[in-house]
Amino acid sequence: MLNTRELESRWLKYKIKSYIPHTIITLSSVIIIAVISVFFTFDEENQTPLIAVNKTIEPKPKQGIAIEITKETQENKTKTTNEALSYKEPTPQKAIATDKNSLTLTPSLGFIKNMQHSNIPYYTHESPKQEKKILTQEPVEEVQDLTVRESNQGIQKEAQEEVQKITINRRNIVDDIQHIIKRFKKNNNPALSLFVAKKYYELGDYHKAYNYALITNQINSEIDASWIVFAKSLVKLNEKNMAIKTLKEYIKSSHSSSAQILLDEIVSGKFK
Amino acid sequence: MKTLLILLLTINLYANIKENMFNLYQNKKYEAVCTLGFNNFHANRKDEEFISLYAFSCLHADYIDRLAIPITMLKFSKESRSNSAYFSVILMQKKLLYHALLDNYDISTLKLPTTDYILSKVFDLYSKQGKHEPRKFYLFEDKNDKKLTYKLYLSKDGNVNKMVIEEFYDTITLKRHVYW
């Protein structure tokens, strides 16, 4: 009699054993595919570092040369410059090959604006002191004007205050110039006469500008601005040749660059 | 209370120094600002506005070597980093030009960024000369203004060789810069 149960168990074992190579092959293929896929994805992610590594390989010879040079410097100091020349030459050539356009760097002065806004008084120069002096004298003269008005018109005291306020607001440049002329006559300060000359030039009164610039030059012949106003006024008065002549004379003695620039502009016809 | 008062006083002192420096800078007294900044640098080392003001003053006063510390300190804002790069280019160009003039080092093949500062202009003009025999002085014409010329030469002051750049407009000397 055949033992069917034993036969069945043996058949099952045989069947299982027959599947083993198939499972091994499939498992190994899966593992291989997984490993390959992982390998490729890793390469893609690290492409840039790989290139960077290639790039960093290039400077190696430079370091080598640099080491050689340092060794040589220890041996003989006089040879260093020549060797530095021979060493430096190859590196910049590469730089030129990569960067054709030269960069121009400009300063960023934003911090100055910030500082101006942060309660710091702007530009305290010597000239404001003069303005202050002018201001201190002005009220005296204004009071005198008011007293004249008082006697002539007989306005009440309350009204005077209002008028005083109005006169301060309505004062024009001509009044300012007159006050400064009065002060100039007292102390002969060239800064005041120069101010007057400049103001007259701005107003287009070139005759007076010329006169006051001339007076300033007579008091102090070393003020650039005064000679410039003088020459400019001459040009405006159709005395171009005279202006050129005086500027040339002034440049000879002072070597002023601003005067030279103005002279060039007058000669070339840029300044009319 | 006392500590508060002391703190307020010190803050006020620092503010005054900065204010003074700013006023002097506006009045173009760059050398004074540079020395004032140099003397009070440690107390204001964390103030980038102060450092920038100090650095620009030293630059205008031709104290280029003093830019070395601001270059390393300016890094916290975009503007500071930009200025730091600007100063470092000028400092590098100064050192290279000085080396080239003294040791006949060839800088013609170097390609560096440039700036609007006079030293950079002269550096660019000098490097265009190519490799050459050392000369007593160099005369360069400005790219944009033909009347503007720069004279570059070395002058000995005791043991130190000083690099001099003179700016001319026609034949008139505008400014003399001395570096060493």
Side-chain angles (χ1 to χ4, degrees), chain A residues 77-78 80-128 248 250-265 267-268, chain B residues 15 18-28 47-53 55-56 59 74 77-90 99 102-117 120 124 127 131 145 147-148 167-175:
Chain A
K77 281 182 182 178
T78 51
T80 48
T81 49
N82 295 328
E83 277 159 0
L85 281 166
S86 61
Y87 148 65
K88 274 283 174 184
E89 274 169 5
T91 45
Q93 278 170 356
K94 281 178 189 170
I96 291 162
T98 50
D99 309 319
K100 281 181 181 176
N101 301 319
S102 62
L103 266 171
T104 45
L105 298 175
T106 49
S108 320
L109 299 166
F111 72 95
I112 287 175
K113 280 181 188 172
N114 293 336
M115 287 177 88
Q116 277 174 352
H117 293 301
S118 60
N119 297 325
I120 291 170
Y122 177 71
Y123 202 80
T124 51
H125 198 65
E126 286 173 340
S127 53
K248 278 180 180 172
Y250 177 62
I251 290 161
K252 266 184 194 175
S253 59
S254 68
H255 303 290
S256 158
S257 54
S258 49
Q260 181 67 49
I261 291 161
L262 178 67
L263 178 66
D264 291 337
E265 281 178 356
V267 171
S268 63
Chain B
K18 200 172 155 184
E19 208 174 295
N20 284 343
M21 280 174 68
F22 185 69
N23 284 333
L24 286 166
Y25 185 87
Q26 294 282 51
N27 291 327
K28 297 185 176 181
D47 186 347
E48 288 206 323
E49 276 183 359
F50 174 91
I51 300 168
S52 301
L53 192 65
F56 275 106
L59 182 71
L74 292 170
S77 69
K78 190 185 172 186
E79 190 187 68
S80 302
R81 288 187 289 274
S82 153
N83 284 335
S84 175
Y86 176 75
F87 296 138
S88 55
V89 166
I90 292 166
H99 181 30
L102 275 172
D103 312 314
N104 199 24
Y105 177 70
D106 182 24
I107 56 168
S108 61
T109 46
L110 295 174
K111 188 84 176 173
L112 297 175
T114 189
T115 71
D116 54 353
Y117 188 64
S120 294
D124 293 339
S127 57
K131 205 172 180 180
D145 193 347
K147 285 189 174 179
L148 254 179
E167 276 181 89
F168 291 98
Y169 189 84
D170 263 5
T171 50
I172 303 151
T173 314
L174 293 179
K175 210 178 173 185

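Note on naming: letters A, B, ... go to the chains in the order of the sequence lines (proteins, then strands), and numbering restarts at 1 for each one.
Taking CD1 of B/Ile51 as the start and CZ of A/Phe111 as the end, the distance is 11.0 Å to the nearest 0.5 Å. Annotation: the span from B/Ile172 atom CD1 to A/Ser254 atom OG amounts to 8.0 Å, rounded to 0.5 Å. Between the CG atom in A/Leu103 and the OG1 atom in B/Thr115 there is a gap of 12.0 Å [rounded to 0.5 Å]. Here the CD atom belonging to B/Glu48 is positioned 11.5 Å from the CG atom belonging to A/Asn114, to the nearest 0.5 angstrom. Interatomic distance, A/Met115 CE to B/Asn23 CG, rounded to the nearest 0.5 Å: 9.5 Å.
Residues passing the ring-ring contact (aromatic ring centres under 6.0 Å, His included) test with B/Phe50, sequence neighbours excluded: none. Scored by the salt bridge (Lys or Arg N to Asp or Glu O under 4.0 Å) test, B/Asp116 finds no partners at all (sequence neighbours excluded).
Neither the backbone nor the side chain of B/Phe87 has a heavy atom closer than 4.5 Å to any heavy atom of chain A. The part of B/Phe56 that comes within reach of chain A is its side chain, from C-beta onward, which places non-hydrogen atoms under 4.5 angstrom from that chain. Within the 4.5 angstrom heavy-atom criterion, atoms from both the backbone and the side chain of A/Leu109 approach chain B. Of the atoms belonging to B/Leu174, it is side-chain heavy atoms, and not backbone ones, that fall under 4.5 Å from chain A. Contact of B/Lys147 with chain A is made through the side chain alone, with heavy-atom distances under 4.5 Å.
Residues B/Glu79 and A/Ser108 share a closest heavy-atom pair of CG-CB, 3.3 Å. Among all heavy-atom pairs drawn from A/Thr106 and B/Tyr86, the shortest one is C-CD1, 3.8 Å.
The candidate from B/Asp124, B/Thr173, B/Leu53 with the greatest count of non-hydrogen atom pairs under 4.5 Å with chain A is B/Leu53.
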